[in-house]
Amino acid sequence: MAEIIDGKAVAARFKYIAKTRAAKFESEHGRRVGLAVVRVGDDPASGIYVRNKVRACEECGVASYVHVFDETVPEDRLIEFLHELNADDKVDGILVQLPLPRHINERACIAAISPSKDADGFNAVNAGKLFLNERGGAVSCTPRGIIELIKSTGVPIAGKHAVVIGRSNIVGKPIAALLLNNDATVTVCHSKTQNLAEYTRRADILVVAVGKKHFVTADMIKPGATVIDVGMNRDESGLYGDVDFEAAKRVADYITPVPGGVGPMTVAMLILNTVDGACNE
Ligand code: NAP
């Protein structure tokens with residue numbers, strides 16, 4: 001039976017680090033570290049994510065500034081506002097809650113955030129640093145959190161075969177790069193991959209970021225694997241991961257639950273990225 005990786009407990013350790021650094025910053029600079037959160041429209045899931053992030057800021061002594069725009073805000077107004085936040089001295093990190101309405105180009109908004117205030121690590125400069133394995137850029141929060149969850153098991157990453165299902169810019173690609181930077185042998189699978197289970201059954205580390213409830217079944221998992229479930233699939237009966245957790249935990253050695261796995265780490269890493277950004281200025 002697998003050991004359950006407790007994302008809340010690991011996240012609490014990182015929030016403590018962020019809180020300690022934020023307090024030191026405040027005593028040295030006479031102001032709190034600040035995170036600006038920009039939200040467009042009233043998507044209920046986005047509302048929950050923003051509330052969780054604000055709560056985590058409060059826990060860590062970080063000031064949060066939430067700006068909500070109407071669904072119809074023009075793209076150029078949003079970009080102009082992001083430039084204002086870039087110039088705002090009390091703001092150390094900026095986060096645009098995704099997804100944005102269809103008429104707004106997400107990449108253009110992310111590109112408008114100064115790389116030094118890019119708390120999510122989605123800006124091309126920071127993504128480029130990750131792919132070049134250069135230090136000093138913000139690493140996107142979910143992948144950064146995933147690596148720490150894997151490290152928390154004590155199982156070494158170097159030399160392991162890691163399989164990532166999903167190739168999105170916010171999860172799949174950056175976690176593949178991070179695993180590679182940590183000396184894993186990495187296979188990235190996606191919707192055009194043929195015979196997916198042939199790859200997943202050879203994974204010592206399996207990261208699943210597909211967005212489909214219980215997509216990975218127990219027979220797709222190598223006995224003894226470490227399984228990281230990124231999925232967050234909501235339906236009327238609750239929140240579910242991409243992995244059939246109850247069956248998979250009988251095969252894997254380590255597995256993350258949903259909720260209580262990757263999600264809390266994403267929030268903790270957002271705060272840490274913001275504090276790191278303030279301290280690096
Ligand atoms: P996304 O942009 O929709 O990407 C999904 C990926 O899954 C795509 O690369 C897609 O392949 C691949 N895929 C879809 N069907 C597949 C299939 N049948 N076989 C193999 N691959 C398949 O999603 P995302 O933003 O990466 O998010 C993935 C999940 O993680 C979602 O549930 C999201 O809510 C969750 N998430 C959680 C957190 C957290 O903090 N816990 C953070 C971010 C995201 P193609 O590229 O070929 O289309």
With a 4.5 Å heavy-atom cut-off, do [X] and [Y] have their side chains touching?
X: Val216; Y: Leu206; value: yes
X: His161; Y: Thr187; value: yes
X: Pro99; Y: Glu106; value: yes
X: Leu35; Y: Tyr65; value: no
X: Ile4; Y: Ile255; value: yes
X: Leu270; Y: Leu95; value: yes
X: Ile205; Y: Ile150; value: yes
X: Asn182; Y: Lys151; value: yes

Does the [X] side chain pair with the main chain of [Y], one donor and one acceptor, at a distance under 3.5 Å?
X: Asn195; Y: Glu198; result: no
X: Asn273; Y: Ala119; result: yes
X: Asp118; Y: Gly121; result: yes
X: Ser64; Y: Cys57; result: no
X: Arg39; Y: Asp43; result: yes
X: Ser168; Y: Val171; result: yes
X: Asp235; Y: Gly238; result: yes
X: Asp183; Y: Gly159; result: no
X: Thr153; Y: Val155; result: yes
X: Thr266; Y: Val262; result: yes

Please report the interatomic distance [atom1]([X]) to [atom2]([Y]), rounded to the nearest 0.5 Å.
X: Tyr16; Y: Leu272; atom1: OH; atom2: CG; value: 14.0 Å
X: Met265; Y: Cys141; atom1: CE; atom2: SG; value: 10.5 Å
X: Ile165; Y: Leu196; atom1: CD1; atom2: CG; value: 4.5 Å
X: Cys109; Y: Leu100; atom1: SG; atom2: CG; value: 5.5 Å
X: Ser114; Y: Asn123; atom1: OG; atom2: CG; value: 7.5 Å
X: Tyr254; Y: Ile5; atom1: OH; atom2: CD1; value: 8.0 Å

Minimum heavy-atom separation for [X] and [Y], please, with both atom names.
X: Ala225; Y: Ala252; answer: O-CB, 3.4 Å
X: Arg107; Y: Asn169; answer: NH1-ND2, 4.2 Å
X: Ala162; Y: Ala184; answer: CB-CB, 4.1 Å
X: Ala248; Y: Val243; answer: CB-CG1, 3.6 Å
X: Thr274; Y: Gly34; answer: CG2-O, 3.6 Å
X: Leu130; Y: Pro174; answer: CD2-CB, 3.6 Å

Check ion pair [X]-[Y] (N to O, under 4.0 angstrom):
X: Asp89; Y: Arg31; answer: no
X: Arg77; Y: Glu80; answer: yes
X: Lys90; Y: Asp88; answer: yes
X: Lys249; Y: Glu246; answer: yes
X: Arg144; Y: Glu148; answer: no
X: Glu75; Y: Arg102; answer: no

Among the clusters formed by ILVMFWY side chains lying less than 4.5 Å apart, do [X] and [Y] turn up in the same one?
X: Phe215; Y: Ile175; value: no
X: Val139; Y: Val188; value: yes
X: Phe81; Y: Ile104; value: yes
X: Met269; Y: Ile157; value: yes
X: Val208; Y: Ile228; value: no

Between Asn233 and Asp242, do the side chains contain an N or O donor and an N or O acceptor separated by less than 3.5 Å? yes
Output, in order, the C-alpha distance, side-chain angles, deciding distance and verdict of side-chain contact (heavy atoms from CB on, under 4.5 Å) for Val62 and Arg32. CA-CA 6 Å; Val62 169; Arg32 283 192 293 166; over 6 Å; no
Above 12 or not: heavy atoms from other molecules or residues under 6.0 Å from [atom1] of [X]?
X: Glu28; atom1: CD; value: yes
X: Lys19; atom1: NZ; value: no
X: Asn280; atom1: CG; value: yes

Arg250 vs Met1, test: side-chain contact (heavy atoms from CB on, under 4.5 Å). Steps then yes/no. CA-CA 5 Å; Arg250 297 177 206 288; Met1 190 69 81; 3.4 Å; yes
With sequence neighbours excluded, give me every ring-ring contact (aromatic ring centres under 6.0 Å, His included) pair touching residues 22-64. Phe25-His29
Would you sort out whether Leu82 and Ile94 count as a side-chain contact (heavy atoms from CB on, under 4.5 Å), showing the intermediate values? CA-CA 8 Å; Leu82 291 170; Ile94 303 169; 3.9 Å; yes
Check step by step if side-chain contact (heavy atoms from CB on, under 4.5 Å) holds for Asp219 and Arg201. CA-CA 8 Å; Asp219 60 309; Arg201 282 192 203 113; 4.0 Å; yes
Passes ring-ring contact (aromatic ring centres under 6.0 Å, His included), Phe245 versus Tyr240? Steps please. CA-CA 9 Å; Phe245 178 80; Tyr240 300 91; over 10 Å; no
Quickly, which of Val207, Thr226, Val10 forms a side chain to side chain contact (heavy atoms under 4.5 Å, CB included) with Leu149? Name it, please. Val10
Could you walk me through whether Lys117 and Asp92 pass the salt bridge (charged side-chain N to carboxylate O under 4.0 Å, His left out) check? CA-CA 6 Å; Lys117 294 194 177 187; Asp92 303 289; over 6 Å; no
